[in-house]
Visitor: 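Have a look at this one before I ask anything.
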Amino acid sequence: MSADLLDRRILGALRFVHGVSGVPLARALVLRAPGVTWQRNRQGEYLITDAPGLAEHTTAFLTPPVAPPIGSVSVTLDIVDPVGEFLPRRVQLRLPRDPDPARADQADSLFRALAVALFPAPAAKIDHDWARLHTHVSVASGEAAQFALLRVTRTSDNQILARAMSDARGEALIAVPGIPVTPWEEADGPVLGNDLEVRIEALFDPTRTTPPDPDELEADATGLASVNVVTRIAAGRAQSLALQFAP
């Protein structure tokens with residue numbers, strides 16, 4: 001009895017992580033992309049094994065084809081969590097990836113999995129030490145602003161602390177980790193308050209009718225409708241917030 005040996009070159013890999021903590025997700029997800037095939041490895045990464053226009057790349061090892069050029073093919077994948085703990089999203093993957101081992105530390109390297117953040121759904125369970133803002137986002141008419149991107153920025157230095165997405169009902173769970181429960185003054189004195197002033201910003205593309213790529217939304221932020229509010233948050237505190245875009 002003989003066995004056939006089938007060698008195929010991987011075109012790229014995706015690693016899904018928690019959108020708040022950054023911890024890799026172990027559960028199986030549903031990936032949809034016409035003409036794209038993949039397999040899931042033991043580390044939970046999704047390995048792209050074939051994609052439209054890249055058939056010759058799947059069997060070329062020592063000398064990958066020069067065409068199409070690196071990063072010239074855009075592959076769109078829709079990601080769904082069958083359990084519903086994380087919101088669905090879209091991912092834009094640029095192929096082919098750079099196959100040069102000397103540039104393995106670069107973001108577009110074939111030897112690096114693309115980290116894709118999934119944001120918790122509004123009803124998801126999260127760490128009780130995180131600040132939590134249950135947020136409703138709407139347009140001027142009162143209708144839900146679906147698939148809006150939300151960002152939390154510390155007002156003192158404009159550092160982005162967290163991101164989130166609204167679902168099709170305009171509901172979002174914003175979770176902010178890493179806020180000290182009890183900050184102390186460096187010098188002798190009383191304990192400081194444990195809350196933090198932040199700006200909550202929502203970015204919205206009204207033309208979106210399906211879950212978008214949030215990275216793409218953020219890259220196009222200057223051309224999107226926006227609204228923001230300043231508030232104070234604290235570790236372990238749950239709050240409610242409403243944001244409405246101007247007409």
Side-chain angles (χ1 to χ4, degrees), residues 16-25 81 84-89 115-140 142-187 189-205 211-215 217-222 224-246:
F16 295 96
V17 301
H18 195 294
V20 180
S21 67
V23 174
L25 301 179
D81 174 15
E85 183 179 353
F86 295 92
L87 294 173
R89 65 161 289 173
V116 179
L118 296 184
F119 297 116
K125 294 181 179 179
I126 59 173
D127 195 303
H128 70 279
D129 287 336
W130 294 348
R132 306 181 301 281
L133 295 103
H134 299 278
T135 308
H136 180 72
V137 191
S138 62
V139 297
E143 296 180 352
Q146 57 182 355
F147 315 127
L149 175 66
L150 296 109
R151 300 190 295 197
V152 181
T153 305
R154 188 164 52 203
T155 58
S156 61
D157 59 4
N158 291 322
Q159 179 181 347
I160 295 178
L161 303 179
R163 295 173 175 83
M165 288 280 295
S166 66
D167 64 9
R169 304 167 301 161
E171 302 295 332
L173 171 60
I174 306 176
V176 186
I179 301 176
V181 176
T182 307
W184 300 83
E185 284 186 320
E186 294 182 1
V191 176
L192 294 173
N194 65 343
D195 60 353
L196 180 70
E197 185 179 83
V198 297
R199 178 176 293 102
I200 312 296
E201 178 187 28
L203 302 169
F204 178 56
D205 181 353
D213 181 343
D215 300 324
L217 284 182
E218 190 155 33
D220 298 336
T222 55
L224 300 179
S226 66
V227 60
N228 70 84
V229 64
V230 173
T231 188
R232 302 192 75 87
I233 60 176
R237 180 192 297 170
Q239 303 168 237
S240 296
L241 180 68
L243 294 171
Q244 187 172 69
F245 293 94

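Basis for what follows: all heavy atoms, side chains included, without hydrogens, waters or symmetry-related copies. Heads up: numbering here begins at 1 and tracks the sequence.
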Visitor: State which residues pass side chain to side chain contact (heavy atoms under 4.5 Å, CB included) with Ala238; sequence neighbours excluded, sorted by chain then number.
Guide: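 For Ala238 the side chain to side chain contact (heavy atoms under 4.5 Å, CB included) partners, ignoring immediate neighbours, are Arg132.
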Visitor: Run the side chain to side chain contact (heavy atoms under 4.5 Å, CB included) test against Leu241 and tell me which residues pass, sequence neighbours left out.
Guide: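 Scan of Leu241 (side chain to side chain contact (heavy atoms under 4.5 Å, CB included), adjacent residues dropped) gives Leu133, Thr135, Ile200, Val229, Leu243.
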Visitor: Write down the atom of Ser166, the atom of Ala172, and the distance for their closest heavy-atom approach.
Guide: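 Heavy atoms only, the tightest pair is CA-CB, 3.7 Å.
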Visitor: Do Leu203 and Leu217 have side chains that approach each other closer than 4.5 Å (heavy atoms only, starting at C-beta)?
Guide: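 Leu203 vs Leu217: side chains apart.
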Visitor: Heavy-atom distance under 4.5 Å between the side chains of Val176 and Val198, does that happen here?
Guide: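 No, side chains not in contact.
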Visitor: Quick one: OG1 on Thr231 to CG on Asp195, what's the gap to the nearest 0.5 Å?
Guide: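 Thr231 OG1 to Asp195 CG: 9.0 Å, rounded to 0.5 Å.
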Visitor: For Arg237, does the CZ atom sit with more than 12 other heavy atoms under 6.0 Å from it, leaving out its own atoms?
Guide: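 Counting neighbours around CZ of Arg237, more than 12 heavy atoms of other residues, nucleotides or ligands fall under 6.0 Å, so yes.
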Visitor: Of the non-hydrogen atoms in Phe147 and Ala168, which two are nearest, and what is the gap between them?
Guide: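 Heavy atoms of Phe147 and Ala168 come nearest at CE2-N, 4.0 Å.
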Visitor: Side chains of Glu197 and Val230, heavy atoms from C-beta outward: is any pair under 4.5 Å?
Guide: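 Yes, their side chains come closer than 4.5 Å.
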Visitor: For residues Ala140 and Gln244, report the shortest heavy-atom separation together with the two atoms involved.
Guide: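 Closest approach of Ala140 to Gln244, heavy atoms only: O-NE2, 3.9 Å.
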Visitor: Under a 4.0 Å N-O cut-off, is there an ion pair linking Asp215 with Arg89?
Guide: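 Salt bridge present between Asp215 and Arg89.
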Visitor: If you compare all heavy atoms of Pro122 against all heavy atoms of Asp167, which two are closest, and at what distance to 0.1 Å?
Guide: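 Taking every non-hydrogen atom into account, CG-OD2, 3.4 Å.
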Visitor: I'd like to know if the side chain of Gln239 and the backbone of Arg232 have a donor-acceptor N/O pair within less than 3.5 Å.
Guide: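 Side chain of Gln239 to backbone of Arg232: a pair is present.
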Visitor: Going by side-chain hydrogen bond (donor to acceptor under 3.5 Å, both in side chains), Glu171 matches just one of Gln146, His136, His134. Which one?
Guide: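 Of Gln146, His136, His134, side-chain hydrogen bond (donor to acceptor under 3.5 Å, both in side chains) with Glu171 is met by His136 alone.
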Visitor: For residues Ala131 and Ala234, report the shortest heavy-atom separation together with the two atoms involved.
Guide: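 The pair with the smallest heavy-atom distance is CB-O, 3.2 Å.
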